[in-house]
Amino acid sequence: MQFNWSIDGSIVGLYILLSLVVGIIIRKYVKNVNDFLVAGRNVDLHVGIASLAATEFGIITCMAAAQLGYKYGFAGATVGLIMTIVMFTVGKTGFCIEPLRKAGVVTIPEFFEHKFGKKVRWAAGVVIVLGGLLNMGVFLRTGGEFLVAVAGLKPEYLEITMTILLLVVALYTILGGMLSVLVTDYMQFILMSVGLVLTTCTIFYQVGWDTLFDTAISHYGAGGINPFVNPNLGWQYVLYTALVLTATVLTWQTMVSRVLSAKDANVAKKMYTRTSLFYIVRSLIPVMWGVAALAFVSLESVGGKPIQAMPTMLSVVIPTGIIGLLVAAMLAADMSTNSSYLLGWASVIYNDVLIIFHKNKWSERKSIAVNRILVALIGVFLLFYGLWYPLKSDLWIYMTLTATIYSVAVSTLLISACYFKKANNWGAYATIVVGALTPLSYLVAQQIPSLEPIAVKIGPYYSGIAAFVFAWIAMIVGSLLKNALRK
C-alpha cells in the first residue's frame, strides 16, 4: 500500500475541511428558494462548464467506466464517444434545452404543466424521484469501496466511510444549496483535473501505452477495441447506450439544473457544446485505468469482482503524495456528484411532488427549510439503501437501467411537449406508466430467483431498447386516441 496517513491523509483532510468552510460562508447568500435551487439563475458560462464537468464525474462514474475497461477493453470507452456526440449536437441545435430554459422553470415536470396539466406534472415528478433515488442508491457504497481499497482501510470500515462521506456532502449542500454546489464544484473541477492528470501520467510511466493496447487485444481480440465485434456488447449495446445517453442529456435533473441556472438559453447551449469534449476524457481515462488493472490484477485476487480491480491496482502503483492527491481528487469528484444529486432530487420533490401543499402558501424561509430537510432525508435513504442492495449486473448497466425508469418517459414527454403538437395528457400518462414499468420490471425480475433466467435471456440492452420503443408507442397511441374520441 502506498497511502501514507500522515502525508496523504493530511491532503484529504484539508480538502474536506475547506469544503465545509465554503458551505458555511455561502449560507449567508441564500436569500430565497430560487437562490437555493437554481443559484438565482445567474450562472455564467465558465462556472457552468466547471460545475457540469465536476458533477458528471464522480467515483461512481470512474468505477463503472473502469469496470467496463477491465471487462471489455477500450471498447468500454464507447460511452464517452457517444456522450460527446450527443452533448455537442444538443448544445449546437438547442434541441429541447432552449425552450426549456426560455420557459423559466425550476424543474422539467414544471415545464410539462403547460402542455399536459398539473396531474402529469405531479406524476412525472414521482417517476423522476423514484428513478433518481434508485440510481443514486449505490453511489455511497461504491465510493466507500473505492476509498477503502485505495487507502488500505479494513473492509469493516466501509459503512463508517460511507456515513462520513454523506455527512460532509449533506452538510454543505444543506447550508448553501446550489450556491454551495457551484462554488465547491469549481474547486473540485480544478483538484480533479490535477489528480486525474498526475495519476494517468504515473500509469503511463509504470505500464506504458503499448502494454495497455496489447493487454486489451490479448484478452479480447478486436472486440477489445471495437464494440460491434465484442461478443458481450454488439450493436444492441451501442444502440441502447445511444438512446440512454440522449435521454440523459435532455432530462437528467443534475445536468438540466445547470441549464435552468444559466443566465440565458445561449449560455446554456454553450455549456453543453464546450463541455462535450470532456465526456471523452471522462470515459477514456477510467477505462484506461481498468485496462491497466487488467494487466496487473487477476480476477481471483479481487474475489471475482471486476469492479474492485481498478482501485486495487491504484493502491500499489501510485506513489505516496500522488495517491493523496488522487484520493482528494476522487473524493472531490464524488462530493460534487453527490451534492448535485441530493439537491436535484430534493428540488423535484419540493417543486413538483409537494406542489399541492405549498404553491403560493409557504414563505421563502419555510421553503428553504423544507428543501434542507428533504436533502437530509434523501441522504438517510441513500445510506440505508446503499448498505443492502445487491448488484446483479455491471455497475454501468444498473446505473443506466435505473436512469431509464424516468429518463425514457420524461425524454419522450419533453420532446413531445416541445415538438409534437398532437400530444396530450392521455399520451403522457401512458408514457409515464409504460416507460417506468419496463425497466423496473427487469430490475425486479433480476432479484427473483424464478424470474432471473428470463431476465438473463432478455438481457439489459434489449430491455432498455424496448422501454424507449414502448414509451413512444404509448405517447402516440394515447394522444391520437384522445384526439379521435373528441371528434
Side-chain angles (χ1 to χ4, degrees), residues 96 107-135 236-237 239-253 256 345 348 352-353 393 397-448 451-452 454-486:
C96 287
T107 59
I108 293 177
E110 184 180 350
F111 181 74
F112 295 156
E113 182 176 345
H114 304 299
K115 178 76 174 181
F116 303 117
K118 294 180 180 179
K119 292 181 180 179
V120 171
R121 172 183 178 177
W122 182 87
V126 171
V127 170
I128 285 177
V129 172
L130 174 64
L133 293 183
L134 289 177
N135 180 268
Q236 63 270 31
Y237 166 79
L239 177 58
Y240 167 73
T241 301
L243 291 172
V244 169
L245 293 180
T246 300
T248 299
V249 167
L250 294 178
T251 66
W252 201 240
Q253 182 60 33
V256 171
W345 310 139
V348 175
D352 305 302
V353 178
S393 60
I397 296 301
Y398 174 84
M399 291 170 62
T400 55
L401 281 175
T402 49
T404 56
I405 290 174
Y406 99 63
S407 64
V408 168
V410 176
S411 63
T412 305
L413 290 177
L414 180 60
I415 296 170
S416 299
C418 292
Y419 308 110
F420 182 27
K421 292 182 179 181
K422 294 183 179 180
N424 55 50
N425 61 337
W426 281 26
Y429 287 130
T431 299
I432 290 171
V433 173
V434 172
L437 285 182
T438 305
L440 193 59
S441 299
Y442 180 81
L443 287 171
V444 172
Q446 281 186 315
Q447 304 298 327
I448 300 175
L451 297 178
E452 188 175 5
I454 300 175
V456 171
K457 188 175 181 180
I458 295 172
Y461 309 138
Y462 288 118
S463 173
I465 294 169
F468 284 94
V469 173
F470 294 161
W472 270 105
I473 291 174
M475 168 57 75
I476 295 170
V477 172
S479 298
L480 294 181
L481 181 61
K482 182 176 182 178
N483 291 335
L485 292 176
R486 278 178 172 176

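None of the values given here were measured: they were computed from a predicted structure.
- Taking both residues in full, the closest heavy atoms of I432 and A409 are given as CA-CB, 3.8 Å, listed atom of the first, atom of the second, then distance.
- For Y406 (side chain) and T251 (main-chain N/O), a donor-acceptor pair under 3.5 Å exists by modelled atom type.
- Rounding to the nearest 0.5 Å gives a distance of 9.5 Å between CD1 of I458 and OG of S441.
- Relative orientation of the W252 and W345 rings is perpendicular, given thresholds of 30° and 60° on the angle between their planes.
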S463 vs Y240, side chain to side chain contact (heavy atoms under 4.5 Å, CB included): CA-CA, chis, key distance, verdict: CA-CA 9 Å; S463 173; Y240 167 73; over 6 Å; no
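- With a 4.5 Å cut-off on side-chain heavy atoms, W426 and L485 count as touching.
- With rounding to the nearest 0.5 Å, the separation of CD1 in I465 from CG in L239 is 4.0 Å.
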Given ring pair (Phe, Tyr, Trp, His ring centres under 6.0 Å), test F420 with W472 step by step and report yes or no. CA-CA 11 Å; F420 182 27; W472 270 105; 7.2 Å; no
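- Between the side chains of N425 and K482, a donor-acceptor pair is found at a separation under 3.5 Å.
- V353 approaches G125 most closely through the heavy-atom pair CG2-C, 3.8 Å.
- The two residues D352 and W122 have their closest heavy-atom pair at O-CD1, 3.6 Å.
- The two residues M475 and S416 make their nearest non-hydrogen contact at CG-OG, 3.5 Å.
- Considering every non-hydrogen atom in both A417 and F116, the closest pair reads CB-CE1, 3.9 Å.
- Atom-to-atom distance recorded for H114:NE2 and R121:CZ is 8.0 Å, nearest 0.5 angstrom.
- Between I415 and the options L250, T246, V410, a side-chain contact (heavy atoms from CB on, under 4.5 Å) holds for only L250.
- Distance check: T404 OG1 to F468 CZ gives 6.5 Å after rounding to the nearest 0.5 Å.
- Counting only distance, with no hydrogens or angles, the side chain of T431 and the backbone of G427 share a donor-acceptor pair below 3.5 Å.
- For Y429, the OH atom is densely surrounded, since the number of other residues' heavy atoms within 6.0 Å is greater than 12.
- Taken to the nearest 0.5 Å, the OG atom of S407 stands 11.5 Å off from the CG atom of L414.
- Put simply, the side chain of P460 does not reach to within 4.5 Å of the side chain of Y237, judged on heavy atoms.
- T438 contributes no side-chain N or O that, together with a main-chain N or O of G435, makes up a donor-acceptor pair within less than 3.5 Å.
- Here the closest heavy-atom approach between residue F112 and residue L413 is recorded as CZ-CB, 3.5 Å.
- Using a 4.5 Å heavy-atom cutoff, the side chains of V120 and E113 are not in contact.
- In this structure, L440 and L134 have side chains that are in contact, with non-hydrogen atoms separated by less than 4.5 Å.
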